[in-house]
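Report on one structure; see the data block that follows.
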Amino acid sequence: MLQNSARTSPKPGKQLKKAFFGRSVHEVAPDLIGATFLVDGVGGIIVEVEAYHHTEPAAHSYRGPTPRNSVMFGPPGFTYVYRSYGIHWCVNFVCEKAGSASAVLIRALEPTHGIPRMRRRRGLPDERSLCSGPGKLTEALGITHAHNGLPLDAAPIALYARTAKPDVVTGLRIGITKAVDLPWRYGLRDSKFLSRPFA
DNA sequence: CTGGTGATCAACT
DNA sequence: GTTGATCACCAGC
């Protein structure tokens, strides 16, 4: 049996509704660990996320609305997809309430659904590397700017609640240079599918 | 294992 | 002109 694996809860729970996201980003983020995230039936179990809020300078919404981040200022329960370093895509879930401009960055999945399709999109890397980073998982799931602003409770997206409470650890967010001291990274303890281990 | 670097674009100074 | 919520690849331990 797989140790350190979210597959100890193999069956996805009920589909998450918009109300799930209409709470503090610091409640939603840890609650997403163990949920199943699919796009067109392809994806896996969320094992790593980060919370961002417009009151702290690491957030894209910190300086107010722009064409890129406008979805963050809208109602919760929608995707915010942006281009990262000119090359990759990253996907967030908008939380709290309209104007709060808070979101959870999805950073890593444990692949469970459509693994052959993800391998083709990613150029056949090992399963451990399919979704172990924010840019990797969007490539594996086929997420692009075309998926910005989509509702999280309707096709092509599907989100299923976890059925058991996982062992969630926290740490410092990765790849930022502002507000580096905030421990708003959340992960499944000892998962092999993290973008990087927790300290 | 670690560290350096290029790719390439929206937002910012 | 510079900076980033990144990744793959390569060199050198």
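Letters A, B, ... mirror the listed sequences (proteins, then strands); counts begin at 1.
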Before accepting this row, confirm whether a basic side-chain N of the pair A/Arg122/A/Glu127 lies closer than 4.0 Å to the acidic partner's carboxylate O.
no
Here's a test of your reading of the structure: between A/Glu139 and A/Thr177, which maps to the more 5' nucleotide of DNA chain C?
A/Thr177
Look at all strands and tell whether A/Arg173 reaches a base, only sugar-phosphate, or nothing, counting heavy atoms closer than 4.0 Å.
nothing
Taking any heavy-atom pair under 4.0 Å as a contact, classify A/Arg196: base, sugar-phosphate, or nothing.
nothing
What is the separation between atom NZ on A/Lys178 and atom P on B/dA11, rounded to the nearest whole Å?
15 Å
To the nearest Å, give me how far apart CZ (A/Arg83) and P (B/dC12) are.
18 Å
Are side-chain N/O atoms of A/Glu48 and A/Ser195 paired as donor and acceptor at under 3.5 Å?
yes
Test A/Tyr80 against A/Phe93 for ring-ring contact (aromatic ring centres under 6.0 Å, His included), laying out the working first.
CA-CA 6 Å; A/Tyr80 162 48; A/Phe93 298 163; over 10 Å; no
Quantified in whole Å, what is the C1' atom distance between nucleotide C/dA5 and nucleotide B/dT2?
23 Å
Just checking A/Tyr82 against A/His60, ring centres under 6.0 Å apart?
yes
Considering only NZ, NE, NH1 and NH2 on the basic side and carboxylate oxygens on the acidic side, decide whether A/Asp31 and A/Arg23 come within less than 4.0 Å.
yes
Could you tell me whether A/Lys17 and A/Asp153 have a side-chain N and a carboxylate O separated by less than 4.0 Å?
no
Using a 4.0 Å cut-off on heavy atoms, which residues in residues 85-97 of chain A reach DNA chain B? List them by number, or say none.
A/Tyr85, A/Gly86, A/Ile87
Once you round it to whole Å, what is the distance between C1' of B/dA11 and CD1 of A/Ile176?
18 Å
A/His53 versus A/Thr55, side-chain donor and acceptor atoms under 3.5 Å:
yes
Tell me what A/Leu105 touches on the nucleic acid: a base, only sugar-phosphate, or nothing, going by heavy atoms under 4.0 Å.
base
Contact check, side chains of A/Phe198 and A/Leu188, non-hydrogen atoms, under 4.5 Å:
no
Stems involving DNA chain C, each a run of at least 3 consecutive Watson-Crick or G-U pairs under 3.5 Å
B:1-7 with C:6-12, B:9-12 with C:1-4
Under 4.0 Å from any heavy atom of chain A: name the first and the last nucleotide of DNA chain C that qualifies, 5' to 3'.
C/dG4 to C/dA8
Which distance, rounded to the nearest 0.5 Å, do you find between the CD1 of A/Ile33 and the OH of A/Tyr186?
9.5 Å
So if I apply the side chain to side chain contact (heavy atoms under 4.5 Å, CB included) rule between A/Ser191 and each of A/Val47, A/Val169, A/Leu109, A/Ile45, which one comes out positive?
A/Val47
Nearest-angstrom distance, C1' atom, C/dA8 to B/dA10:
23 Å
Is a side-chain donor or acceptor of A/His54 paired with a backbone partner of A/Arg63 at a separation under 3.5 angstrom?
no
